[in-house]
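Written out below as C-alpha cells is the structure these notes cover.
Just so it is clear, the values below take in all heavy atoms, side chains as well, and ignore hydrogens, waters and symmetry mates. Residue numbers begin at 1 in each chain, while the letters A, B, ... track the order of the sequences. A quick note: this is a predicted structure, and the numbers were derived from the prediction, not measured.
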Amino acid sequence: MLTPKLTAIRLPGIQRGYEPEQPIRFSHRLHAGEMQISCQYCHSGAERSRHAGIPAASVCMNCHRFVTAPLGAVRAEDELAAKENRPPRRVIAPELRKLYDALGLDDDLRRDPAKPQRPIAWVKVHNLPDFAYFDHRPHVAAGVACQTCHGPVETMERMRQVADLTMGWCVNCHRDANRTGIAGHPVYASIDCAVCHY
Amino acid sequence: MSRRVMLGFFEREEDVLAATRAAREAGLRILDVYTPYPVHGLDRAMGLAPSRLAFVCLILGLFGAVFKVWFEFWTTSVAWPINVGGKPWNSLPAFVPVTFEVMVLFAGVSTFLAFLVVAGLRPGRAPVMPDPRVTDDRFVLMVEETDSVFDAVRVEQLFAGFRALHSEERVEARS
Amino acid sequence: MSAEGANRYWRALEERGAATAAEGPDEFAARREGIDLFLSRRGFLKAAGFGAAGALLASCARAPVQEAIPFLSAPEEIVPGHALYYASTCAGCSAACGMLVKSRDGRPIKLEGNAEHPLSRGALCAAGQASILGLYDSHRLRSPLHRGQRASWEEVDRAVGERIATISKNGGAVRFLSSTITGPTIRAEIDRFLGSFADGRHVVYDPLSCSAILDAHERTHGARVLPRYLFDRAEVIASFDADFLGTWIAPVEFAAAWRAGRDLEAKPPRFSYHVQIEPLLSVTGSKADRRIRIAPRELGPALSHLAGLLAKKAGLTFSSPPPADPELSAALATLADRLWQARRRSLVVCGSQDVATQVACNFANEILQNYGNTLDVERPSYQKQGNDRALQELLSEISAGKVAALFIAAANPVSELPGGENIAAALDKLPLVVSFASHRDETADHAHFVCPDHHPLESWSDAEPVAGIISVTQPVIRPLGQTRSLVETLSTWRGRPTPAYEIFQASWRSRIFARQSQETSFQRFWDRAVHDGVAAVEPARFSPRPFDVSAVKPAAPAKAGAAEGLSLVLYAKVAMLAGQHAENPWLQELPDPISKVAWDNYACLAPATAAALGVAEGDVVRLDFGAGSLELPAYVQPGQHDGVVAVALGYGRKGTARFAGIGPRWLDAEPSVGRDGLVGVDASGALELTDGVLRYVREGVRIAKTGRTRPLACTQTHHTITVPDMFAANGSVRRPVVQETTYAAWQGNPAAGREGEEAESEDLWPDDHPYNGHRWAMAIDLTACTGCSACVVACQVENNIPVVGRDEVRRHREMHWLRIDRYYSGSQAEVDVVYEPMLCQQCENAPCETVCPVLATVHSEEGLNEQVYNRCVGTRYCANNCPYKTRRFNWFNYPHQDPFANLVLNPDVAVRSRGVMEKCSFCVQRIQQAKIEAKQAGQPVADGAIQPACQQTCPAGAIVFGDLNDRSSRVAAAVANPRRFRVLEEMNVRPSVNYLRVVRNRDETDGEKSHG
Amino acid sequence: MAEVAWLVRRPLIVGDKSVAQVTRDICAAMETRPSALWWAGFLAALSLLGLGVTAISYEISTGIGTWGENRTVGWAFDITNFVFWIGIGHAGTLISAILFLFRQRWRTSVNRAAEAMTIFAVMCAGIFPLIHMGRPWLAHWMFPYPNTRGSLWINFRSPLVWDFFAIATYLTISLTFWYVGLLPDLATIRDRTASPWRRRIAGILSLGWNGSTRTWQRYEVVYLLLAGLGTPLVVSVHTIVSWDFATSLIPGWHATIFPPYFVAGAIFSGMAMVLTLMIVARKTMQLEDYITPRHVDIMCKLIIATGGIVGLSYATEFFMALYSSNPYEQFVFLNRATGPLCWAYWTMVSCNVLVPQLLWFRRVRSNLVLVFVISIFVNIGMWFERFVIIVTSLHHDFLPSSWVSYRPTCIEVATLLGTFGLFFTCFLLFVRLVPVIAIGEVKAVVSHDKLSGGTHA
C-alpha cells in the first residue's frame, strides 16, 4: 500500500531512467517500431534461456547483409550514378560501418582476413543484483508482454530502463497476475522467496 | 500591565505549610508557593485541583497497544502472509509482548511530553522565581495584592506569625 | 571444437556480464578478469551488505557499468545461460565410470553420472565428483618444461626427437611407465611408439595394486586377467580385506551391484549375506552383516582354511590347518556352510597382495563354481593392469642405469613407490626421462622433459574398463594452457604429427567399429558412441585354461614368531586414494567416512592397543619399521584389530604445500599443513616391493609416543548414539535417532525395529497452510547408504560450498550442507556401524523459521524451508534452534584459495558472503529449472525429473527425491514403506526427509540390539 | 503515618543535616576537583573501553569467526554478556520504581545512582544484539519500516524482535524517568554553581524549573506514573529476554520456569552491582552520611531473598528435568553438573547460592568489606549462570553427531572487558557531572526526620 508512493520517488540504488550511450546507435524505435520486427527475432534467448540475450552480429547480418544504408541515401546514390552514368557504388551508413568493422568485413561485405574481428561491447541496461535469479522463460511462456517490464521499447531511440526493478515491483506484478491473470487467461505466479533467491 | 505581589520567605516546611493554610483562610489570593522539594499537603493547602496527566497516560497507552496489535495482524495476515514455521497467519499470542512494550513506550513518553507542555518547561526557558535559593533551602509564599482593601501590614504580620524570615512587596510585570 | 570455439567460450562467459573478451597476448590475464566477475556475486552481497553506506553510494553514483558482449556469429547449440550436457568418461581413477559433463556457457561446472553407462549406472564417487576442480587448477603446467624451465613445444619436440633418433639408431632400452591405461587407442599408440625401438616395453603398475590377483589367475587360469566381479549375482559374499565399496578396483560399479543384491522392495525381496574379514575397519566392513577382525598375517591361512573346508564339502583332497583362534575357525566353518549352500550364487573376494592367498581365493571360487556366474574371466576387467614383477625389474634396470629413455605417464613413482628418493636419484642418472605429468610433481622434478597432457575434460580419449564396454572421453572445453594430448605428442615424436581427434577416430574405425554389428556406417556408430558416451562391442575373446588345481598350495599357518610388534597396514581413503587427488581441496576437506577426520592422515590404533600404550587421540606417535619411521598423530579406531596400526597412503604430497594459506586469515588461525609444510605424512616409504608384489603390510612395527600432540580436524567428536551412562537417568542411554533391525525380524514384521509411535499429532492451530501444488520430500535408505560420501562432494560442487581449511574444520565450522553422521554400536572391539546422511530436514513446522527476526528463512508453499541469503543478518538463532544442526554459518568470507577455481562456481546458486546463514535447499535451483521446463512444455513435472545433486550421484541409489502429492511418485512409495522413520519425530517439527530403517542380514529376530 | 513511625527507629540520613547542608554536601562531589583515586579509576576504565572498541572493530571487520563459536554453539559470550548486563540494569529500575511505589523512603539515597547504573548497563547490553549479528550494518532490518521489497515486514513471532522492542522501550523509559528525577537537581545546580558554562548547561537542561508547587504537583504525578509503568516494564523486559530461550526447543532452554527465574536472577545480580558501586561511592565520595550501613543492610537482605529464589529455580529446573522422563532434558542437566563444562556450573552454584548465605549473619552484613566481596562473587556467579544456560545447553543437544566443545577466543574476552570499561567510564563521568543523590528527595527525608524527631522526642 505504501510501496507505490515510495517508489514514485527514486530511492537509492534504483536505476530507473538509466539510458547509457551504446557502441552502435541502434534504434529500437526503427526496428521494433517502424519495421515491426518482433522482439524475439533478435532476443531469441528469452524463450530458451534465463537470459534474453543480445543478438550476435550474425543475426544483424541476416538483414544488413543487404540493407547497408537508409533508402534515401541509396536512391540519391543511384540518381547520382545515373547522372554520371556509372554503376552505383554501395552506400554504407556510418553506424552500420561499425557493425561491419566488428565483423572484419570489407566494403563488399566480404570477410577481410587483414581486419581483426572485434566483438561489440554493448552496455547492459537492465541489471539485477546477483542474488536475484530472474528467468525470462516462464514469463514469455505465460505471455507477459516484453513492454510490461521493459517499457515502450518500440518508441525508444536509445534503450532506457523504465521499470525500477525493485523487489516490490516484481512482487506486486506477481500479485496482480494472480488476481487478474495475464492477457485474459489465469496464471499462477508464486511469490515464494525461493522463486528468485537461492 | 503589572501587578503587585507580596512574598513571604520561610525556612521550614511546616511553617510555609501552615502560613499557606492561614493565608487561604484569610481569603488571600495565593499565586504560588516555591519550595526546594515537594511539600506534602501544600497543593491541598493552596487548593489546587488534582492533575489530569494520568488520563493522557491512559489514553495514549491504550492507543499504542491497539495500533500495534492491528499493525502486527495486518503485516502478518493481510499485507504479506508468509508461512513461518507452520504457524497460523494470525499468531495473536506471539504479538502480545511487542504490543505491551509499545503500549508502555507510548504511555511513558507521551506523559512526559504532556508534563513539559502543561508545566511550560522547555529548554532554555528562563526560570521565573522569587529567589534563587528556592532550589536550595528557601520556601516562598506568593500572594497577590488584589485590590485596594489589601492590607500589606496585616499580611506581613500573618507571615511573621509563622516564623517568616521576612516579607517584601514586589511589582511583577505580566504579559 | 574448432579454433573459434575457444574465443566463443570466453565470450560466452561475458554474455553473463563479464569484463572483457579474453583475447590479446596474455590470454591468461584476460581470464583472470573473467574471474573477478565470478567473484562479483560475493562482491555484490558484500556491497549490498554495507547497508546505509551502500545505499548512499548508490544514490550518489550509478551502479558500475556492466557490459554485455554477444557472439559475433552464434554457434547454434550454445544459448547463453542454458546448460549443455556432454557424455564423457571419468578419469578420477582407472575404473572409468561414465559421466555427463554439465557445461554452462562453454564452461564445464559439474560432473554427473551417466545413467546409460552399464557399469557406473549413473553414479560417480567422491573423487570423480571433485575431479572437475582439476580443470581450473592454476598450478597445472601450462606449457612443456625442459629441465624445469618453460619451453616451447617446438624446442621440446626437436630435442626429444634428436635423442629418440639416436636411441633408435644405436639401440637401447626404452621404457614407458604408466599406471593402468584402459583406453585401447592410447595403449595401441604407446605400443606403436615403443614399436619403433629395438627394445621398447610398456610397464604398468598401480599404486593401489591388484597385481597378486592377476598373478594368481596366471597360475590358475594361465593368463594375467582380473576377473570382473558381479556382486549383484552373489547371495553370499565373503570378502577377505577387499574394500570393494570404498577403494577396491571399481567401487562405484561394485556399490551399485552390491546394492542391487540387497533389495528389500523387490518382489520377492533379495538380501545378500555379506561377511567381511579384515584387520581394519573399512567402508565395506562397516556395511557387512558379519564382520571378523583378523590380523593381516592370519588372512592367508584363514582363506586357505576356508578353501579347505569347501574342498572337503566338494570331496576334494585339500586341507589347510585351522587358525589358532577357535572363534575365527568357527566363524569360517559357518561361512563355509553358507557359501556351499549358495554355490554358483556366492562370491569370495580377497584384497591381499599375497599370490598364494589369491590362488586360494580362486580355488574357493572354483570349488563354488562361481567362475562364469559371479565372477567372469572370459569378459575380464581391465581396470587394474599393474604388474609389480615387471615394475620391480624396471626399477632394477633403472638403478642399474640400463635404460636409455624412460617415459612416464599418469604415474608418480617417486612419491607412490617405496624408496622414492633412490628412484629419483636413479632417474637423474638416466640419459632421457620424459614425464607427461600435468603438475610439477615429485617425479616430474627429475624428468628432463615434462610434456603436460591435457586435462581429461580438454582431450579426446577412450577407455575399456571391462572387456567389451568402451566409453568415450570427449573434450568439452578448449585447452586452457599450451598442453598437448599424449597421443598427439607420441605421434609427433613418431614423425607423423596427427591431431588426437583423428587418431581416435582412425583407431575406432580400424579397431572398434569391427567389433560391433548393430551399426553399418562408421559415422553413425561414432556419432552414437560420442553421444551416448559408451559403446558395447564384442570383447576381445580369450578362453582361459581350465582351472589348474596343482597351482593351489595350502598356506602355512601364521608364524607366531612375527607376533612381536604391531603390523602396519597401509590403506587408501575414499577421497585421497593413492594420492592422485591430493591437490584437490574438496577431497582434502571431505571427512573420511569412518574416522570423520579431514585434512590429515594418522595412525589408527584399536582402543585396547591405544589404552595399553597410553596413547590418546591426537598424540603424535613414531612408527618404527625396519626401513624407516613415520611420525603422525594417533587416532583411536574402534573395530580395528588390536595387533594393527593403520596409516592412509596418498598424503604428504609435494603439491599439498599449496594449502599452506588456505582458509580464513586472522590472528588466531592455524595453517592447514603440518610442520613440514605438507598436508599429512607420506607413508609410501613403508611400502615394500619384494619378490614381485607391492606389499601394503609390514610386520614387527614398533610404536612410541613423541610427547607432541596434533589435534585432528574431526567433524564428529562423539561416536555413538548412546550417551555416557553418567548422563543417562533411568537407563535411557540410547538415543532413538537411528533405527535398525535384522533381516530375520524384518521378514516377520516389516515394521520391526520401530522405536516410539509414529503418530501425526493433532495441530493446535487452524490449518492455514495446505500444500496443494507440489510437496517436495526425500527418503534415504540407510540400508543402502555405504557412507562413501560422494553425495557430500556433489553437494559441495553443485551449491558453491566453500572450503574452509583444516583449522576451521577443527573449530567445528565445516560448511558441508550434507554431512554423513556415523554411529558405532556394540563393543569397542566389535562395532556395528550406521551411516545417517544428515541434511536440512525441511521441517513443515520449522523451528528455525519462527525465530528469525527478519523473515530470512521462511516456508514455501511447496514445503521447502527457504533460506534467503541476501535477507539474512546473521543472528544464528535459527542454527541454535535447529535440532538437527544442519545450518551452516559464514564465519568469514571464504573465497576460493585459487581464484582461477572460481570458474567452477555454479552461476545458478548465489555465493554467500560473510555473516549469513546457509543450508541445504533440496537443490531448489534444479527444482525451479525443472518446473520452468515443465511449464514451457505445458506438462506436469515428471517424477524423477528433479534429482538433487546428492541423489544423482549416489552409487547405492539410497536417496529418493520427489513430490509427495504425486501419489505414484517413488518418494511417496518410500514414505509408505513400513521401514520408514523420521529423526526426532516426537518433536512434531514434521521433517520432509524420511529415512528407511537399517536392516542387517542376521538371524536374531529381536530387532532391538544392545547399544553400548 | 506508618513510615514515620518506622522512621522513628533510626533516621535514614545520619548526622542531623540542614536542608542547605544537604545541597552543599551532595554538590560538593561535583564542585571539587576529582581525586587521584577517581582519575586512576577513570583511566583504567577508559583503557578497558579502548580494548573493547578494538576487539569489536576487529570482529566486525573480520567476521564472527574471530569468536570461539561454531556450528553447534551459535551463541556464547555475546548473548551471555547481553543477558548479564540487562540483568544488572534491572536492579536500578527496581530500586527507583518499585521501591518508590512501595514508599520505601530509604531508596532516596541510592535511586539516582541506581537509575544511572540501569542506563549504562542497558547501553552495554544493547551492544551485543548488534555486534552478534553476522552483518550488523543491516541491523535496521530488525525495525518494521515501509520498504521497496513489496513491502517485506519483520517476523513478529521471533523472540529477537520482542527483545528489540523490549530493550528499546526499556532504555527510553529509563532515560525519561531518570531525567524527570534530575530536573529539580539540575535547577539547584543552575542556581548555586559558580562556573558560567555549567550554569548555562544546567540552565538549558533544567528547562527553566522553578520550585513552583504547581509544577511539583504535576512532577509527582508524572514520577508516579513513570514508576508505575517502569515496574511492569522491568518485569516484562527480562521475561522477554528469558523467552529468547524458553520459546526455543533446545533442551535446557525450553523451560516454563524461565521468566520468574530470570527476573529474580536479574534483580539479584543488579542488587549485587548496586552494592558494589555504592560501597565504593560512599567511601570515595564521602557520602557516608547518606549511604548508611542501613542501606547496605537492607540491600543485603534483598540479595538473600532474590538469591533464595534463584537457588530454588536451579533446584526446580533440575528436578523437573529428572522428573520429566525426557532423555534429552535429563541429559542436559546431568551434563551441566558433571559434563565437560561442569566447572562453570559449580562456579555458578557456589557464587549464587552458597556465598550469599553468609549474609544471614548481621556481623557479615555490617562488615562492608565482606559485603563488597560477596557482591563481587554474586556478579561473577550471575555471569556464569547465563554462560551455563546458553553454552552447556547448546554444546550437547539432540544429535550426538553434532556435539562439540566451546572455547572463547581472546577477542571475546576483550569484548566483555570492554563493556565493563564502557560501564565504569560512564559511571565515573556520571558521579562527576550529576548529583549522585537525588537532592530534592533527600531534603524531604531530612526534614521529615527532623519533623518526626521533633514531634516524638
Side-chain angles (χ1 to χ4, degrees), chain A residues 10-15 17-18 20-21 23 42 44-45 47-61 102-104 116-133 135-142 167 187-188 190-198, chain C residues 7 11 14-17 20-21 23 40-45 48 54-60 62-63 65-74 79-82 773 855-856 858-862 864 866-871 908-911 921 924-925 927-929 931-933 935-936 938:
Chain A
R10 192 175 143 269
L11 286 174
I14 298 179
Q15 303 296 324
Y18 182 39
E21 194 73 50
C42 303
S44 57
E47 53 190 343
R48 287 154 64 205
S49 152
R50 61 183 287 196
H51 307 294
I54 293 175
S58 54
V59 177
C60 311
M61 290 307 285
L103 284 159
Q117 287 195 323
R118 286 177 290 92
I120 307 163
W122 299 95
V123 181
K124 238 164 145 275
V125 177
H126 299 87
N127 297 310
L128 286 179
D130 289 354
F131 52 68
Y133 180 99
D135 197 316
H136 275 89
R137 286 173 292 173
H139 298 86
V140 173
M167 172 173 159
V187 296
Y188 181 66
S190 171
I191 53 172
D192 278 341
C193 311
V195 171
C196 312
H197 298 303
Y198 46 81
Chain C
N7 299 346
R11 295 203 198 105
E14 283 112 27
E15 182 60 45
R16 277 187 71 265
T20 65
E23 280 158 354
S40 74
R41 274 178 179 285
R42 174 182 288 116
F44 190 96
L45 280 178
L56 207 68
L57 217 77
S59 57
C60 312
R62 291 286 187 183
V65 171
Q66 286 193 37
E67 287 183 333
I69 305 180
F71 297 106
L72 278 173
S73 55
V79 180
H82 188 72
L855 293 168
V858 296
H859 224 64
S860 88
E861 45 202 18
E862 299 176 351
L864 291 179
E866 309 163 305
Q867 176 68 28
V868 188
Y869 310 124
N870 47 302
R871 176 67 172 174
D908 293 342
V909 177
V911 171
S921 64
V924 63
Q925 66 277 14
I927 297 177
Q928 298 297 1
Q929 196 71 12
K931 278 169 64 188
I932 289 170
E933 276 155 14
K935 186 179 250 173
Q936 279 188 299

Quick check on the interface: out of [options], who has the most heavy-atom pairs with chain A under 4.5 Å?
{"options": "C/E862, C/Q929, C/Q867", "value": "C/Q929"}
{"options": "C/H859, C/E866, C/H82", "value": "C/E866"}
{"options": "C/E861, C/K935, C/E933", "value": "C/E861"}

Contact check, side chains of [X] and [Y], non-hydrogen atoms, under 4.5 Å:
{"X": "A/F131", "Y": "A/H197", "answer": "yes"}
{"X": "C/D908", "Y": "A/R50", "answer": "yes"}
{"X": "C/V65", "Y": "A/P20", "answer": "no"}
{"X": "A/M61", "Y": "A/L103", "answer": "yes"}

| What distance do C/K931 atom NZ and C/Q936 atom CD have between them, rounded to the nearest 0.5 Å? |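 Reported to 0.5 Å precision, the distance equals 14.0 Å.
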| field | Interface moiety of C/Q925 toward chain A, non-hydrogen atoms closer than 4.5 Å | value |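 Backbone plus side chain of C/Q925, per the 4.5 Å heavy-atom cut-off to chain A.
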| field | Heavy-atom contact with chain A under 4.5 Å, split by part of C/S860 | value | both
Using heavy-atom distances under 4.5 Å, tell me whether [X] contacts chain C through its side chain, its backbone, both, or neither.
{"X": "A/A141", "value": "side chain"}
{"X": "A/S44", "value": "neither"}
{"X": "A/P23", "value": "neither"}

| Pair A/D192-C/L864, side-chain contact (heavy atoms from CB on, under 4.5 Å): steps then yes or no | CA-CA 10 Å; A/D192 278 341; C/L864 291 179; over 6 Å; no
| message | Out of A/P55, A/C196, A/C193, return the one with the most heavy atom pairs under 4.5 angstrom to chain C. | response | A/C193
| Pair A/Y198-A/Y133, ring-ring contact (aromatic ring centres under 6.0 Å, His included): steps then yes or no | CA-CA 7 Å; A/Y198 46 81; A/Y133 180 99; 5.2 Å; yes
